[in-house]
Amino acid sequence: MPSNSPADRVPTQDELDLLIYQSRIERPVKMKIPELCREERLRHIIFSGQFTADRLEDLASTADKIRALSRNREGQDFLLHLLNNKRAMLYFTQPSTRTFLSFMAACQILGITCNEVRDPTTSSETKGETRFDSIRMFSSYFDLIIMRSKLARLAESCAYLMNDLAESGNRSVPIINAGSGADEHPTQALLDIYTLQRTFQFSHPKDSPVSTRFEKLQNESPGLVKGLAHKVYGFCGDIGRGRTVRSLASLLANYKGVTLIFVAPNDPTLALKDDLRRRLTDRGVRLVEVESFEEHVDGKSVIEQLDALYMTRIQKEHNNSDDEAHFAQLDLSHCKLTTRLVARMKTYAPILHPFPRDQHFGEIPPEIDDDPRAMYFRQARNGMWVRAALLATVFGVEHQISRFFHDEYSEWHNYNDDQALTPPKHV
Ligand code: NCD
């Protein structure tokens with residue numbers, strides 16, 4: 001069993017670094033949210049709790065418009081000039097492929113110039129500079145800082161630093177959390193939600209695993225409605241340490257009548273953490289925790305009742321020395337998807353994964369990739385569009401995008417509306 005550190009141990013430099021923001025960090029998220037806005041507009045993106053269903057709807061709609069405009073030269077040129085007066089710093093001191101590159105591509109779509117620091121040993125942190133001095137320096141040269149760190153509260157602390165700077169009349173820029181330790185990954189959750197929004201519109205042939213018409217699907221699955229509400233979502237794998245799971249589960253709590261089923265070994269490291277369980281239950285979400293897809297809930301096996309499945313990898317990089325030996329004793333086979341399990345899933349249920357998948361562990365074997373329900377590659381591409389929408393929103397140009405778009409298209413749809421109009425074919 002992983003051991004707890006003794007209370008009297010010497011704090012690490014990382015912990016000491018964050019100490020100045022400790023009292024603000026310890027407040028409930030609800031109290032922090034207003035501070036992350038400026039005049040009602042999202043400024044720093046730190047927690048998924050900042051996003052209501054309405055905000056998610058607006059983001060998806062902006063993302064769809066950017067995506068549609070990007071298909072022709074005129075639209076691309078319009079987007080390229082929107083924010084070409086802005087510069088972004090991508091400060092990623094933890095490994096990243098998709099988040100880093102999709103943020104970079106999102107910046108490029110909107111004309112934002114990017115620069116990066118990925119290896120802190122090449123920055124002045126090796127000369128004893130604190131992270132906060134580094135961040136303040138970035139804010140002198142750039143208009144936005146997108147950051148990923150193994151330190152759970154660093155991005156949040158940087159947002160407070162920026163707010164304090166603004167209050168004292170100094171230069172201050174928005175902070176975007178692109179993954180904070182094992183805690184949150186709000187922008188991944190945004191792209192997961194965007195993927196689900198598109199899938200559960202049941203109208204885009206590429207986004208929905210079934211090309212069957214919605215009415216026909218309703219015959220097969222009575223009670224099926226468009227949109228994210230009233231659905232059963234499955235999460236499988238490293239629930240305890242998966243920051244994407246934490247952020248996405250919190251966003252799903254925005255929708256009525258959702259059930260979240262967590263499939264993980266009954267183990268304190270891998271199973272759902274108490275704080276998240278409490279947060280979700282307080283918001284009225286129905287939670288079910290099982291150890292295998294085969295378990296029966298309400299008289300039916302879990303795998304057969306999922307409307308969507310979110311697979312995750314075992315987060316080995318967070319293992320401490322005890323974990324290795326401890327995990328070797330656990331049966332992790334239930335954290336793997338197989339073609340036989342997929343065959344029993346609902347025909348329309350998308351399979352998502354934040355990626356990377358672990359080829360050695362094999363939570364999603366490649367033979368599943370050809371199944372129309374395998375949505376993970378499309379999901380990753382959605383990240384670029386939704387991140388571009390987020391940047392446009394943070395810099396306040398989303399209405400310009402809408403205006404330009406509506407000059408081109410006369411009708412549009414609403415993801416929360418059952419009577420959604422069909423989007424233009426070329427989106
Ligand atoms: C995730 C992350 O970094 O938390 N990856 C990503 O950003 N797409 C998931 C993971 O690493 O397992």
Side-chain angles (χ1 to χ4, degrees), residues 45-48 63 90-107 116 118-119 146-156 176-196 233-252 262-265 269-273 276 308-319 323 327 332 335-337 350-365 369 374-388 390-391:
I45 309 299
I46 307 296
F47 308 110
S48 58
L90 280 83
Y91 178 47
F92 275 57
T93 54
Q94 255 193 330
S96 175
T97 304
R98 275 146 294 270
T99 309
F100 180 84
L101 291 176
S102 64
F103 259 121
M104 186 175 257
C107 285
E116 62 182 76
R118 302 196 70 171
D119 177 0
I146 305 167
M147 57 186 289
R148 167 173 285 198
S149 164
K150 71 174 187 346
L151 265 186
R153 299 295 171 194
L154 186 62
E156 178 184 348
I176 297 186
N177 175 5
S180 46
D183 186 44
E184 277 244 29
H185 193 348
T187 67
Q188 174 69 41
L190 294 178
L191 74 95
D192 298 336
I193 287 283
Y194 180 47
T195 304
L196 292 168
Y233 297 92
F235 290 86
C236 175
D238 198 337
I239 304 302
R241 299 179 297 181
R243 56 190 174 191
T244 66
V245 172
R246 293 172 67 80
S247 292
L248 177 58
S250 305
L251 281 192
L252 287 171
F262 295 97
V263 183
T269 306
L270 300 175
L272 186 66
K273 292 275 185 284
L276 184 60
L309 170 60
Y310 196 85
M311 293 298 296
T312 65
R313 116 193 125 77
I314 305 293
Q315 308 269 316
K316 287 187 293 211
E317 68 275 30
H318 298 300
N319 282 1
D323 284 336
F327 288 162
L332 298 177
C335 299
K336 296 179 191 181
L337 199 57
I351 301 163
L352 278 65
H353 189 308
F355 266 41
R357 62 178 154 184
D358 182 345
Q359 58 170 320
H360 305 295
F361 182 75
E363 68 274 18
I364 300 188
D369 297 358
M375 206 50 76
Y376 24 90
F377 289 107
R378 198 140 172 93
Q379 176 190 0
R381 183 162 166 82
N382 283 340
M384 178 175 73
W385 303 121
V386 89
R387 287 180 169 124
L390 184 69
L391 297 175

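Predicted, not measured: the structure shown is a model, and the values here were computed from it. Note that ligands are numbered from 1 as they come in the structure, with each ligand's atoms numbered from 1 the same way.
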- Polar contact flag, side-chain donor to acceptor under 3.5 angstrom, S48-E184: yes
- Message: Measuring centre to centre across the rings, with the benzene-like ring taken for any Trp, is Y376 within less than 6.0 Å of F355?
- Response: yes
- Task: Indicate the ring-plane relationship of F92 and F100, choosing parallel, tilted or perpendicular according to the 30° and 60° boundaries.
- Result: perpendicular
- R148 and H185 side chains, donor-acceptor separation under 3.5 Å: yes
- Item | Closest approach of T93 to S149 (non-hydrogen atoms, all atoms of both residues) | OG1-CA, 3.9 Å
- Item | Close residues, ligand 1: non-hydrogen atom nearer than 4.0 Å | T99, R148, H185, Q188, R243, T244, R313, Q315, P354, F355, P356
- Message: Can a donor-acceptor pair be found, under 3.5 Å and without considering hydrogens, that links the side chain of R241 to the backbone of E317?
- Response: no
